[in-house]
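Predicted model, so just to flag it, every value in this text is computed and none were measured. Counting starts at 1 for both ligands and their atoms, following the listed order.
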Amino acid sequence: MTVPSSTPQFGARPGVVTRFAPSPNGMLHLGHAYSAIVAHDLAVQSGGRFLLRVEDIDGARSRPELVDEFRADLGWLGLAWKEVAPQSARLASYDAAADRLRAMGLLYPCTCTRAQLSAAEQHKGPMGSIYPGTCRRSPPGYASGAGVQWRLDTGEALARTGPLLWEDAIAGVQQARPDLLGDVVLMRKDAPASYHLAVTLDDATDGVTLVTRGRDLFAAMHVHRLLQALLELPVPRWHHHPLLVDECGDKLAKRRGSPALADRREAGEDGASLAEALRRHAFPAGISLQSS
Ligand code: GLU
Ligand code: ZN
C-alpha cells in the first residue's frame, strides 16, 4: 500500500486560524498568557480567527472546573475567541483514526509497563526516552483489550510516506524526523488517545492553519507531520515561540508555583495592561524569553 504524501504549500496565507489549547490540569500562568496572546494576535493581524480548545482527556489529572477560570483569564487579558469542542467530545474521531492506522498495519499493541521500560536500556530523544521496540517484534495479535497501548511503527510509516517537510515560521522549513521520537504511543491505556494523535486530528478538524505553541513541543511536529501524511490531513504551518523562563532559566510551570493568572485577576490587576506589557516583552521582574 502506498500512502499519498501531500506537499505543503508554503507561503503567505491570509486569514490564518490559530488556537490556544490548554489542558485543565492546573491554573494558567504568565507563560500561557504569552502563548495565548501570540496565537490571538497572529490571527487578528491576518484577519483570521483565534480558537480556544480544551484538551481535557488526561483522565485523572483533568479538572473540568478549571475551564471557567481559563475563559475568565482570557477575557481578562482582553482576548476574544471562538471556543470549539473539547477533546472529550471527539473520542470517536480518535478511535476511527486508530482503526485506520491499524488497518494499514502501522499500529502495534504494546504491553510494556513503565517499570519494564525504565529498566530497559533506552536512548534519550528530544521528547524523552525512545521506546526500544520490544513489542514491535511480537507476533501479530499477541495482545489486545484493556491494558494494551498502541504504538506507531514509525520506521515503517515513514518508509511508506517518503520524506516529509514542514515549515516553522521562525525556524524555517524542516525535514520531518519522526525517527527521533521513535515508536510513540498513539492510543494510551489510561486515556482515550495520546497528545500526538488527538492534537493532530483536532487541528485538522478545526481548520487550524497556523499551529502556535511553545518551543518545548517543537520536536512533536516530526510525528504530527507523519500522522498528517498517513491520515491525509491538511498540513498547517507552525509557529513555535520561545518560552518564558524564570531567573534560573527554568520554564514557568504550574508545578513550580508560577503565580496563576487567576490570582492576579482576583487581586485586581489590570489584565489588558498585562497583555500589552507581554506584547512589548516588558516582563515582570525575573522573567524573560528563553534565548535559544
Ligand atoms: N494541551 C497542551 C498543553 O497544555 C498544548 C498542546 C498544543 O499546543 O499543541 O500543554
Ligand atoms: Zn512494549
Side-chain angles (χ1 to χ4, degrees), residues 17-29 31-36 38-40 42 50-59 61-63 66-67 70 73-74 84 86-88 90 107-120 122 127 129-139 142-144 147-154 168 182-189 191 193-206 208 210-225 227-228 236-241 243-244 251-255:
V17 180
T18 65
R19 87 296 191 279
F20 177 57
S23 303
N25 50 27
M27 306 276 242
L28 301 185
H29 56 63
H32 294 107
Y34 180 73
S35 198
V38 166
H40 169 272
L42 285 167
F50 170 59
L51 310 178
L52 169 66
R53 183 177 68 231
V54 175
E55 309 218 315
D56 59 348
I57 55 169
D58 205 355
R61 299 206 309 149
S62 209
R63 294 163 53 195
L66 291 181
V67 178
F70 291 3
D73 290 339
L74 295 182
V84 295
Q87 290 191 326
S88 55
R90 304 178 188 229
L107 284 193
Y108 63 87
C110 166
T111 54
C112 298
T113 62
R114 236 174 253 275
Q116 283 168 331
L117 289 177
S118 53
Q122 285 196 76
M127 295 196 72
S129 304
I130 299 174
Y131 179 65
T134 323
C135 295
R136 192 195 318 128
R137 294 178 281 270
S138 299
Y142 93 104
S144 62
V148 163
Q149 56 200 342
W150 292 84
R151 291 184 181 272
L152 180 66
D153 186 341
T154 299
D168 183 88
D183 289 357
V184 290
V185 171
L186 293 189
M187 296 303 274
R188 292 165 52 174
K189 52 189 163 193
S194 74
Y195 162 72
H196 296 302
L197 184 62
V199 84
T200 303
L201 290 167
D202 297 346
D203 283 337
T205 304
D206 296 338
V208 173
L210 180 64
V211 175
T212 66
R213 59 162 78 88
R215 229 178 242 169
D216 52 335
L217 289 169
F218 188 91
M221 292 318 98
H222 296 301
V223 170
H224 300 189
R225 182 66 189 87
L227 290 173
Q228 285 154 1
R237 295 171 79 227
W238 283 268
H239 176 111
H240 289 97
H241 60 75
L243 299 177
L244 289 189
K251 75 170 184 169
L252 304 186
K254 310 169 218 200
R255 63 182 176 280

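At a heavy-atom distance under 4.0 Å, only side-chain atoms of R19, from C-beta outward, approach ligand 1.
At least one side-chain heavy atom of C135 sits less than 4.5 Å from a side-chain heavy atom of T111.
Checked by atom type and distance alone, the side chain of T154 pairs as donor or acceptor with a backbone atom of G182 at under 3.5 Å. Side-chain atoms of D183 never come within 3.5 Å of backbone atoms of Y131 as a donor-acceptor pair (strictly under, hydrogens ignored).
Atoms of ligand 1 lying under 4.0 Å from any heavy atom of A21, numbered from 1 in the order shown and given with element: 1 (N), 2 (C), 3 (C), 4 (O), 5 (C). Close approach of ligand 1 to E55 (heavy-atom distance below 4.0 Å) involves ligand atoms 1 (N), 2 (C), 5 (C), 6 (C). Listed by number with element, the atoms of ligand 1 under 4.0 angstrom from any heavy atom of V199 are 9 (O). In the vicinity of R213, heavy-atom distances shorter than 4.0 Å reach the ligand 1 atoms 7 (C), 8 (O), 9 (O).
A salt bridge links K251 with D216: the distance from a Lys NZ or Arg NE/NH1/NH2 to an Asp or Glu carboxylate oxygen falls below 4.0 Å.
The OG1 atom of T113 sits 6.5 Å away from atom NZ of K189, with the distance rounded to the nearest 0.5 Å. D58 CG to N25 CG: the interatomic distance, rounded to the nearest 0.5 Å, is 6.0 Å.
Considering backbone and side-chain N/O atoms, S23 comes within less than 3.5 Å of an N/O atom of ligand 1.
Within the sub-2.8 Å shell of the Zn ion (ligand 2), the protein contributes these N/O/S atoms: C110 SG, C112 SG, Y131 OH, C135 SG.
In the model, S62 has no side-chain atom that pairs as donor or acceptor with a side-chain atom of D56 under 3.5 Å.
Under the 4.0 angstrom criterion for non-hydrogen atoms, F20 is not in contact with ligand 1.
Using bins of under 30°, 30° to 60° and over 60° for the plane-to-plane angle, the ring pair F218/H222 lands in the perpendicular bin.
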Intermediate values then yes/no, side chain to side chain contact (heavy atoms under 4.5 Å, CB included), D206 and R19: CA-CA 9 Å; D206 296 338; R19 87 296 191 279; 5.9 Å; no
